[in-house]
2 protein chains.
Amino acid sequence: MSDNYHHGDLRRALIDAGIKIINESGEAALSLRKAAAMCSVSHAAPYAHFKDKDELMEAIKTHITEQFTSELSAAVKGSSDAESALVDMGRHYVAFFVRRPDYFKFLFGGQNITAHIRFDKEYENDYPPFVLLKETYLEYIQEGGYEKTPEEQETELLKLWASAHGLAAIACMSGVEVPFDWEDKISGDILIR
Amino acid sequence: MSDNYHHGDLRRALIDAGIKIINESGEAALSLRKAAAMCSVSHAAPYAHFKDKDELMEAIKTHITEQFTSELSAAVKGSSDAESALVDMGRHYVAFFVRRPDYFKFLFGGQNITAHIRFDKEYENDYPPFVLLKETYLEYIQEGGYEKTPEEQETELLKLWASAHGLAAIACMSGVEVPFDWEDKISGDILIR
DNA sequence: CCATCATCTTTACATTGTCAAGATACTTTG
DNA sequence: CAAAGTATCTTGACAATGTAAAGATGATGG
């Protein structure tokens with residue numbers, strides 16, 4: 001394989017390059033041409049793998065979301081009971097983004113968030129972190145033997161999610177140096193009580 | 001005043017044009033040159049009023065935030081007691097953005113949100129909507145004669161804000177046609193209980 | 001009236017997204 | 001295995017955009 005003609009896995013390399021740019025210089029600095037240059041390919045090479053810049057950004061978002069979900073998943077698995085799993089999950093939800101505010105801005109900032117976060121009244125939502133939250137919540141309900149109508153469950157779930165997500169949003173967009181014990185001090189109280 | 005040389009109030013006209021572009025075509029379509037064209041001035045004319053594109057966007061954000069704050073303020077004034085004022089405020093907080101999701105994306109989406117939303121551990125925050133929330137909350141505390149430590153107050157305030165803001169974020173970024181009774185059904189339960 | 005300043009225009013340039021045409025390697029098929 | 005086809009990559013081009021520089025135009029104060 002001639003070394004500089006066919007790149008090994010350009011698609012993956014472009015995603016990595018994009019993530020690196022976002023981490024180092026923020027979303028505004030992300031350009032197709034720069035990512036291509038970092039992979040030592042011509043400026044039009046990305047078009048063999050992505051229809052346009054949006055498609056690269058979608059791929060990056062999917063990648064980050066997988067990382068996010070797997071961290072949440074690990075947090076849940078480490079908990080003894082479902083209630084503490086819920087709290088741990090909220091804690092890690094916020095912590096993940098507090099540690100990487102640029103990820104939050106990139107994931108939920110831009111225009112095309114459609115594919116990554118959904119909630120409608122039919123209660124349908126395949127956003128992986130939400131699916132995980134829902135599962136954990138249902139275990140929590142079952143474990144505690146609580147009697148809740150579907151409406152109550154939906155409301156409570158949304159509340160949990162909105163609290164964590166809103167907290168992350170406020171933290172990531174505040175422009176303030178967030179002290180790292182911030183979430184430890186607060187999220188436990190807020191997310192469940 | 002020669003009609004097309006010195007524009008009457010170009011600064012204001014550019015802000016209006018920018019808002020119109022955002023409303024009609026989203027933030028991605030906002031360009032200095034397009035805004036200038038809508039004001040029938042040359043593409044470099046905006047530089048007499050704004051240092052760069054960011055400064056125009058900041059001005060637009062400030063303008064929208066003023067509108068937002070004044071709607072919240074009106075909602076609070078229409079309430080009988082402080083507790084219902086709190087609920088009404090939350091309802092309007094969400095409703096304002098559900099009605100104008102592009103505003104939410106623009107205000108809290110981009111990179112440079114620093115000046116528009118702040119929260120740090122010293123409890124300092126001059127973001128006007130938050131100031132209003134804080135005032136209303138303090139009245140609510142006083143009215144009910146509740147005894148709360150500063151820490152409890154800070155936590156509760158942050159919780160109120162995060163709930164409303166997170167709800168708005170989820171609604172505006174869901175890509176789902178949000179039914180308009182959505183906030184009526186939910187926010188009251190979530191924001192205070 | 002003149003100098004100064006704010007406002008606006010014209011020109012120019014670099015960056016970027018995107019397209020088109022062609023070259024090169026890999027894959028499939030006859 | 002050779003021919004045909006496909007995926008991948010290059011080069012070249014273009015339009016949109018942000019921005020800087022230099023100059024023109026009108027207002028304003030001494």
Side-chain angles (χ1 to χ4, degrees), chain A residues 1-61 102 105-106 109-115, chain B residues 1-61 102 105-106 109-113:
Chain A
M1 175 176 57
S2 128
D3 200 32
N4 66 344
Y5 194 83
H6 268 53
H7 190 286
D9 186 355
L10 182 55
R11 191 191 139 88
R12 175 55 194 271
L14 285 168
I15 292 176
D16 289 344
I19 290 179
K20 193 170 183 193
I21 293 174
I22 291 169
N23 272 324
E24 287 172 359
S25 322
E27 173 176 4
L30 174 59
S31 84
L32 273 179
R33 293 172 102 109
K34 218 170 291 174
M38 286 172 65
C39 300
S40 309
V41 292
S42 78
H43 62 259
Y47 285 86
H49 301 274
F50 304 100
K51 186 176 136 284
D52 54 20
K53 188 185 177 184
D54 273 350
E55 221 174 77
L56 170 61
M57 295 202 295
E58 283 305 307
I60 295 177
K61 285 173 185 171
D102 279 329
K105 290 181 198 163
F106 179 64
Q111 331 293 125
N112 318 320
I113 325 111
T114 307
Chain B
M1 173 175 56
S2 131
D3 201 32
N4 65 345
Y5 195 84
H6 268 54
H7 189 286
D9 186 357
L10 182 56
R11 191 191 139 89
R12 176 55 194 269
L14 286 169
I15 292 176
D16 290 343
I19 289 179
K20 194 170 183 195
I21 293 174
I22 290 168
N23 273 322
E24 288 172 359
S25 321
E27 173 176 4
L30 174 60
S31 84
L32 272 180
R33 294 172 101 108
K34 218 171 289 173
M38 286 172 65
C39 300
S40 308
V41 293
S42 78
H43 62 258
Y47 286 87
H49 301 275
F50 304 100
K51 184 176 137 287
D52 53 19
K53 189 185 177 184
D54 274 349
E55 219 174 79
L56 169 62
M57 297 203 294
E58 283 304 306
I60 295 177
K61 285 174 185 171
D102 279 329
K105 291 180 199 165
F106 179 64
Q111 330 294 127
N112 318 320
I113 324 112

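Chain A is the first sequence line, chain B the second, and so forth, proteins listed ahead of strands; every chain is numbered from 1.
With sequence neighbours left out, the side chain to side chain contact (heavy atoms under 4.5 Å, CB included) criterion links A:Asp16 to A:Arg12. With sequence neighbours left out, B:Arg11 forms a side chain to side chain contact (heavy atoms under 4.5 Å, CB included) with B:Asp9, B:Ile15, B:His49, B:Phe50, B:Ala59. With sequence neighbours excluded, the residues forming a side chain to side chain contact (heavy atoms under 4.5 Å, CB included) with B:Ser25 are B:Ala29, listed by chain and number.
Note: NZ (A:Lys53) to P (C:dG17) measures 4 Å, nearest angstrom. Here the C1' atom of nucleotide C:dT16 and the CG atom of A:Leu56 are 14 Å apart, to the nearest Å. To the nearest angstrom, C1' of D:dA13 lies 10 Å from CZ of A:Arg33. Rounded to an integer number of Å, the gap from CD of A:Glu55 to P of C:dT18 is 11 Å.
In this structure, NZ in B:Lys20 is found 13.5 Å from CD1 in B:Ile22, a value given to the nearest 0.5 Å. The distance from atom CG of B:Leu30 to atom CD of B:Glu27, rounded to the nearest 0.5 Å, is 7.0 Å. Distance check, rounded to the nearest 0.5 Å: CG of B:Leu14 to CD1 of B:Ile21 gives 9.5 Å. The CG atom of B:Leu56 lies 10.5 Å from the NZ atom of B:Lys61; values are rounded to the nearest 0.5 Å.
Residue B:Lys34 places none of its side-chain N or O atoms closer than 4.0 Å to OP1 or OP2 of D:dA16.
The nearest pair of heavy atoms linking A:Leu10 to A:Cys39 is CD1-CB, 3.8 Å. Contact between B:Ala17 and B:Ala35 at its shortest, heavy atoms only, is CB-O, 4.0 Å. Taking all atoms of both residues into account, the shortest heavy-atom contact from B:Pro46 to B:Leu32 is CB-CD2, 4.0 Å.
Contacts classified as salt bridge (charged side-chain N to carboxylate O under 4.0 Å, His left out) and involving residues 38-53 of chain B (residues at least two apart or in different chains) are not found.
The residue among B:Leu32 and A:Leu10 whose nearest nucleotide of DNA chain D lies closer to the 5′ end is A:Leu10.
A:Ser42 comes within 4.0 angstrom of a base, heavy atoms only.
Contacts of residues 13-21 of chain A with DNA chain D (heavy atom under 4.0 Å): none. Using a 4.0 Å cutoff on non-hydrogen atoms, the parts of residues 43-51 of chain A near DNA chain C are A:His43, A:Ala44, A:Tyr47, ordered by number.
Overall bending of the helix from C:dC1-D:dG30 to C:dG30-D:dC1, expressed as the angle between end axes built from five pairs apiece, is 10° (10° steps).
Between the side chain of A:Arg11 and the base of D:dT8 there is no donor-acceptor pair of N/O atoms closer than 3.5 Å.
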